Amino acid sequence: MHLRIEGHTLPGRDCGAGPGFPGVSGIEVGVQRKDRPAELLDPRPGDASSATWMLPCSFAADGALRGPYVQNRLGGRFVYLSWLGRQPGEEASRMFRRAKLMLAEVAPQVLAEARLSGVLVGRLALTDAQGLPLCGRVLPPAIIWSADEPSDA
């Protein structure tokens with residue numbers, strides 16, 4: 001079983017300062033490993049045309065998705081997309097925001113289809129309405145969940 005995250009409409013490598021946002025340069029986004037905020041899977045540049053991650057996972061006896069990139073906190077299971085970059089005056093990149101892709105919001109029918117097909121897919125734009133890197137809880141319709149067949153790649 002795999003969870004494939006397909007991101008599009010990335011915000012760019014640089015985002016200027018604005019209300020409540022100090023500005024960031026050298027932007028990248030990756031998937032955070034469970035309970036390891038500093039460990040990111042395949043960071044992608046913020047100006048990429050798209051970003052795709054394939055995450056191994058499995059269904060537990062209770063039907064919940066589990067895996068090395070599936071977080072489990074109060075409020076349900078989710079996957080973190082972590083944004084890295086340098087704020088003004090900083091030389092090193094660090095995490096400056098995260099998006100929580102809420103797995104509890106996947107429709108039961110889609111989960112059942114994914115269990116049969118072997119792949120659950122989440123498709124989403126990675127830029128928010130202000131043109132900044134997407135953050136906070138990400139729920140449908142901002143993310144579209146579907147089942148898909150495994151690829152040969």
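Keep in mind that this is a model prediction, so the values were computed, not measured.
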| message | Name the residue from Leu55, Ile5, Leu3 that meets the side chain to side chain contact (heavy atoms under 4.5 Å, CB included) definition with Tyr69. | response | Leu55
| query | Out of curiosity, Arg137 CZ to Lys100 NZ, how far, rounded to the nearest 0.5 Å? | reply | 6.0 Å
| message | Do Val119 and Val70 sit in one hydrophobic cluster, given that two such residues count as connected whenever their side-chain heavy atoms are within less than 4.5 Å of each other, even indirectly? | response | no
| task | Taking all heavy atoms of Pro133 and all of Pro11, pick out the closest pair and write down the distance. | result | CG-CG, 3.7 Å
| said: Is there a path of hydrophobic side-chain contacts, each under 4.5 Å between heavy atoms, that joins Val79 and Leu10? | reply: yes
| task | Output the distance between atom CG (Leu124) and atom OG1 (Thr9), rounded to the nearest 0.5 Å. | result | 9.0 Å
| Spatial distance of atom CG (Leu101) from atom CG (Leu139) [nearest 0.5 Å] | 10.0 Å
| Could you give all pairs that pass the side chain to side chain donor-acceptor pair (under 3.5 Å) test and reach residues 118-127, with sequence neighbours left out? | Glu6-Arg123, Arg123-Ser146
| request: Compare every heavy atom of Cys15 with every heavy atom of Ile27, then report the nearest pair and how far apart it is. | output: CD1-SG, 3.7 Å
| Just checking, is any N or O donor in the side chain of Gln32 or Arg98 under 3.5 Å from an acceptor N or O on the other one? | yes
| To the nearest 0.5 Å, how far apart are CG in Leu120 and CG in Asp148? | 10.0 Å
| note | With sequence neighbours left out, the residues meeting side-chain contact (heavy atoms from CB on, under 4.5 Å) with Glu39 are Arg33, Arg36
| In terms of hydrophobic clusters joined by side-chain contacts under 4.5 Å, are Leu103 and Val110 together? | yes
| task | Provide the closest heavy-atom pair for Ala125 versus Leu134 in the form atom of the first, atom of the second, distance. | result | O-CD2, 3.4 Å
| remark: Those residues at least two apart in sequence (or on a different chain) that pass side-chain contact (heavy atoms from CB on, under 4.5 Å) with Ala142 are Val138
| task | Kindly indicate whether the side chain of Glu28, heavy atoms from C-beta on, has any atom under 4.5 Å from the side chain of Arg13. | result | yes
| task | Evaluate the salt bridge (charged side-chain N to carboxylate O under 4.0 Å, His left out) criterion for residues Asp128 and Arg97: first the C-alpha distance (whole Å), next the side-chain angles of each, then the deciding distance (0.1 Å), finally the verdict. | result | CA-CA 12 Å; Asp128 69 15; Arg97 56 179 23 183; 3.8 Å; yes
| Qualifying ring pair (Phe, Tyr, Trp, His ring centres under 6.0 Å) pairs with a residue from residues 21-68, counting only residues at least two apart or across chains | none
| query | How long is the span from the NE2 atom in His8 to the CG atom in Leu126, to the nearest 0.5 Å? | reply | 7.5 Å
| query | Among Ser117, Pro56, Cys57, whose side chain to side chain contact (heavy atoms under 4.5 Å, CB included) with Met1 holds? | reply | Cys57
| task | Flag yes if Leu40 and Val31 sit in one hydrophobic cluster, no otherwise; membership is Ile, Leu, Val, Met, Phe, Trp, Tyr, and two members link when side-chain heavy atoms are under 4.5 Å apart. | result | no
| query | Arg77 and Ala64: which non-hydrogen atoms are nearest, and at how many Å? | reply | NE-CB, 3.1 Å
| request: Any pair with a residue in residues 77-104 that passes ring pair (Phe, Tyr, Trp, His ring centres under 6.0 Å), sequence neighbours left out, goes on the list, sorted by first then second residue, please. | output: Phe78-Tyr80
| Non-hydrogen atoms of Ala60 and Arg115 that approach each other most closely | O-NH2, 4.5 Å
| query | Are side-chain heavy atoms of Ile143 and Met102 found at a separation under 4.5 Å? | reply | no
| task | Group every Ile, Leu, Val, Met, Phe, Trp and Tyr by side-chain heavy-atom contacts under 4.5 Å, then state whether Leu41 and Val29 land in the same group. | result | yes
| Test: Asp35 and Arg73 ion pair at under 4.0 Å | yes
| query | Nearest heavy-atom pair of Ala51 and Arg44: which atoms, and what distance? | reply | CB-CG, 3.8 Å
| message | Which residues pass the side-chain hydrogen bond (donor to acceptor under 3.5 Å, both in side chains) test with Glu105, not counting sequence neighbours? | response | none
